[in-house]
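As structure tokens, the structure follows; a few thoughts come after it.
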2 protein chains.
Amino acid sequence: MIIELDLQSDTPIYTQLMNQIIEGMASGRLQPGEPLPSVRSLAADIGINLHTVNKAYTLLKQEGFIQIHRQKGVVVQPDALPGMTSDYAHRRDAQLRPIIAEAICRGMNEQQLLAVVRDLYSHITTNERKDAP
Amino acid sequence: MIIELDLQSDTPIYTQLMNQIIEGMASGRLQPGEPLPSVRSLAADIGINLHTVNKAYTLLKQEGFIQIHRQKGVVVQPDALPGMTSDYAHRRDAQLRPIIAEAICRGMNEQQLLAVVRDLYSHITTNERKDAP
DNA sequence: CTAACTGTTATATTTATAGTATAACAGATG
DNA sequence: CATCTGTTATACTATAAATATAACAGTTAG
């Protein structure tokens, strides 16, 4: 699993870490039950602090994306994922709403917006790079 | 224009302000050329500081959503909006990507995700409340 | 002209978050 | 026993967010 971080980004490192792992799970590059590197080794790998990785892992654990065993270390959730809770639906809508509103302001119609979402969906599930042809 | 802020939210006040104004423009509640309240009056109205409003206005101006005249005050962009720049497209995709990835992890298929986007799109353009029936 | 308003700028302070740096603890493993 | 795990605690630095005053320059209504 290759982690790409932008240390100059305004999105926190631990958030970027969470997003990359979640995207890895969505794409299938990270399989259920697959082990993730320890907080220390991953931190050393990408040149950041132990606690930054630990924060990402802890949050992912709280949301049910990973499991943390004292002995085995960290593994991708082998059982069923959290699923569609009401809390999640509200949070998802709150995240999408301002993005859609801006798209409307910039002249995108419904078809164009849906096309973008469709593209991103298949890009993720078919495991393509961001700047794929 | 009614502004609703959540002071306990983790999203900054100036960001919430920007989102509400952009959503107002997308819904048509804010018409092109329509005047917006002055930084001082709006700040007093919603009980926050002058500079917080000014930050939101300045950013909205930089992105072309509003115009600021020394005399007339602040008005909703009367001319054409920014439109589809390459910068915007990349920023939009970067915002959508983690949201879509999480949706996939939680078991949403493409049709379900598109339905959510379609719903939000029409909710915004038809000017409905968040918890509309 | 004066007073009241506009956006703008400058400065200082407080608060919270992000990230780093060490260190130690408890359990598992070879 | 030495080494790895996650976990916790503490302290520090840097940055962003928000507030608090104050002042400046231009506009506008009385």
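Per chain, numbering begins at 1; letters A, B, ... match sequence-line order. Keep in mind it's a predicted model, so treat the numbers as computed, not measured.
Geometric assessment of B/Arg91 against the ring of B/Tyr88 yields a negative cation-pi assignment under the 6.0 Å and 45° thresholds. A cation-pi arrangement is absent between A/Arg118 and A/Tyr121, since the terminal nitrogen or guanidinium carbon is not both under 6.0 Å from the aromatic centre and inside a 45° cone about the axis.
Donor-acceptor pairing under 3.5 Å is recorded for the side chains of A/Ser27 and A/Arg29. No donor-acceptor contact under 3.5 angstrom links the side chains of B/Ser122 and B/Thr125, judged on distance only.
For A/Asn54, the side-chain atoms get nearest to D/dT7 when compared with the rest of C/dT20, D/dT7, D/dT5. You'll find that the side chain of B/Val74 is closest to C/dG7, out of C/dT20, C/dG7, D/dT7. For A/His51, the side-chain atoms get nearest to D/dT8 when compared with the rest of D/dT8, D/dA22, C/dA18. Each of C/dG19, D/dT7, C/dT6 was ranked by its minimum atom distance to the side chain of A/Lys61; first place goes to D/dT7. Considering only the side chain of B/Pro12, D/dA17 comes nearest among C/dT8, D/dA17, D/dG6. For A/Lys55, counting side-chain heavy atoms from C-beta on, the closest listed nucleotide (C/dA18, C/dG7, D/dG6) is C/dA18.
Remark: P of D/dT28 and NE2 of B/His69 are 12 Å apart, rounded to the nearest angstrom. C/dT20 atom C1' lies 15 Å from atom CZ of A/Arg40, rounded to whole Å. Rounded to whole Å, atom C1' of D/dT13 lies 17 Å from atom CD1 of A/Ile48. Taking atom CG on B/Asn49 and atom C1' on D/dT21, their separation rounds to 10 Å, with Å as the unit. A/Leu7 places its CG atom 11 Å from the C1' atom of C/dG19, with the value rounded to the nearest Å.
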(message) Using salt bridge (Lys or Arg N to Asp or Glu O under 4.0 Å), reason through A/Arg92 and B/Glu102 one step at a time and then give a plain yes or no.
(response) CA-CA 9 Å; A/Arg92 177 202 60 202; B/Glu102 176 164 4; over 6 Å; no
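Residues B/Ala94 and B/Pro98 come closest through the heavy atom pair O-CD, 3.0 Å.
Note on B/Tyr14: only backbone sugar-phosphate atoms sit closer than 4.0 angstrom, heavy atoms only; bases stay farther off.
Under a cut-off of 6.0 angstrom, the local environment of NE2 in A/His90 is sparse, with at most 12 non-hydrogen atoms contributed by other residues, nucleotides or ligands.
Side-chain N/O atoms of B/Thr52 include none lying less than 4.0 angstrom from OP1 or OP2 on D/dA18.
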(message) Please convert DNA chain C into dot-bracket. A pair counts if it is Watson-Crick or G-U wobble with both distances under 3.5 Å; crossing pairs go in [ ] and bases paired with another strand get |.
(response) |||||.|||||||||||||||||||.||||
